[in-house]
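Side chains are part of it too, since the values below use all heavy atoms of this structure and drop only hydrogens, waters and symmetry mates.
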Amino acid sequence: MKIYTKTGDKGTTALFGGTRVPKHHIRIESYGTVDELNSHLGLIRDQEINQRYKDSLIHIQDRLFTVGAILATDPEKAILKNGKERLNIPKISSEDIERLEKEMDTMNTELPPMTHFVLPGGHQTVSFCHIARCVCRRAERLATALNDIEGVDPNALIYLNRLSDYLFVLARKLSYDLQANEIKWIPKKES
């Protein structure tokens, strides 16, 4: 199979189902940002971190491919003529969302309580995690904007929301594990 098809040379691309849309369509922006997020998670996974986090990130990356597939499917062509769903893959489930919540709860048991916002940084791995969190928030904003126009699987939206929370907690846990300096943001008082 060739990587280049030349079908997008005029600025359009095909969704699952064959519908062609401009490459700047919000649906393309949505799943493109999920793809970007997935790449950032690969970068975090490539760091010297606990294997449990690596395993969790692999599972999340798998789920993000599903979110991307959901976002890449034309809703008008999501059901085939035979009545079956075009995407013959496990969708995002409440169990996927609960898994993120349980992971956060486990990490939080070892962390000091948050009393202030923290400045992103302190260690390169932590910074990668904060970048991924911000990209996740952007993916969520785009997916919710798309949802206002065409509708998106609610669990996919919830998953992106919960994942950004997970990435924040993971950044804090990595700061803790790596003994990185977590700098609190304490606003200066006006004089």
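- Taken from CG in L163 to CG in L64, the straight-line distance is 5.5 Å, to the nearest 0.5 Å.
- More than 12 heavy atoms of other residues, nucleotides or ligands sit less than 6.0 Å from atom CD of Q51.
- The salt bridge (charged side-chain N to carboxylate O under 4.0 Å, His left out) check on K91 picks up E85, with sequence neighbours excluded.
- Residues D105 and V169 have side chains not in contact (no heavy-atom distance under 4.5 Å, counting atoms from C-beta outward).
- Between D177 and I49, the closest side-chain pair of non-hydrogen atoms is not below 4.5 Å.
- By the salt bridge (charged side-chain N to carboxylate O under 4.0 Å, His left out) test, R133 is found to be paired with no residue, residues two or more places apart in sequence or in another chain being considered.
- S30 approaches A143 most closely through the heavy-atom pair OG-N, 3.7 Å.
- When all heavy atoms of V135 and E36 are compared, the closest pair comes out as CG2-OE2, 3.9 Å.
- Listed by first and then second residue, the salt bridge (Lys or Arg N to Asp or Glu O under 4.0 Å) pairs involving residues 144-171 are R27-E150, E101-R162, R137-D165 (not counting sequence neighbours).
- Rounding to the nearest 0.5 angstrom, the gap separating the OG1 atom in T33 from the CZ atom in R141 is 9.0 Å.
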Side-chain atoms of residues 178-187: list all donor-acceptor pairs with protein atoms under 3.5 Å, sequence neighbours left out, distances to 0.1 Å.
{"residue": "E182", "atom": "OE1", "partner": "R172", "partner atom": "NH2", "Å": "3.4"}
{"residue": "E182", "atom": "OE2", "partner": "R172", "partner atom": "NE", "Å": "3.2"}

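- Put simply, I89 and I60 are part of the same group of oily side chains (I, L, V, M, F, W, Y) that touch within less than 4.5 Å, one to the next.
- Considering OG1 of T73 and CZ of R86, their distance stands at 7.5 Å, rounded to 0.5 Å.
- At a threshold of 4.5 Å between non-hydrogen side-chain atoms, the residues V34 and F65 do not count as touching.
- Under the 4.5 Å side-chain criterion, counting only non-hydrogen atoms from C-beta, L174 is in contact with Y53.
- Taking 4.5 Å as the limit, every side-chain heavy atom of H24 sits out of range of all side-chain heavy atoms of I28.
- Across all their heavy atoms, I92 and N155 have their closest contact at O-ND2, 3.2 Å.
- Side-chain atoms of L57 and L170, non-hydrogen and from C-beta on, do get closer than 4.5 Å to each other.
- When all heavy atoms of I44 and A132 are compared, the closest pair comes out as CD1-CB, 3.8 Å.
- Atom CD of E140 is separated from atom SG of C136 by 6.5 Å, given to the nearest 0.5 angstrom.
- Between the side chain of Q47 and the main chain of T125, no donor-acceptor pair closer than 3.5 Å is present.
- Note on I131 and V118: separate hydrophobic clusters, where clusters join Ile, Leu, Val, Met, Phe, Trp and Tyr whose side-chain heavy atoms are under 4.5 Å apart, directly or indirectly.
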Acceptor/donor pairs from residues 107-116 side chains to any protein atom, 3.5 angstrom cut, sequence neighbours excluded:
{"residue": "T109", "atom": "OG1", "partner": "T106", "partner atom": "O", "Å": "2.6"}
{"residue": "E110", "atom": "OE1", "partner": "K173", "partner atom": "NZ", "Å": "3.1"}

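- Residues Y31 and G68 come closest through the heavy atom pair CB-O, 3.7 Å.
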Discussion item. Test side chain to side chain contact (heavy atoms under 4.5 Å, CB included) on H123 and S127; report intermediate values, then the result.
Written reply: CA-CA 6 Å; H123 188 282; S127 295; over 6 Å; no
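- Y159 and T66 are not linked by any side-chain donor-acceptor pair at a separation below 3.5 angstrom, with hydrogens and angles left out of the test.
- Considering only residues two or more places apart in sequence or on other chains, R52 meets the salt bridge (charged side-chain N to carboxylate O under 4.0 Å, His left out) condition with E103.
- Between atom CG of residue L160 and atom OG of residue S164 there is a gap of 8.0 Å, rounded to the nearest 0.5 Å.
- In this structure, H40 NE2 and H130 NE2 are separated by 14.0 Å, a value rounded to the nearest 0.5 Å.
- In the model, S93 has a side-chain atom that pairs as donor or acceptor with a side-chain atom of D96 under 3.5 Å.
- Residues L167 and L41 are in side-chain contact: their nearest non-hydrogen atoms beyond the backbone lie under 4.5 Å apart.
- Using a 4.5 Å heavy-atom threshold, the side chains of F168 and C129 count as separate.
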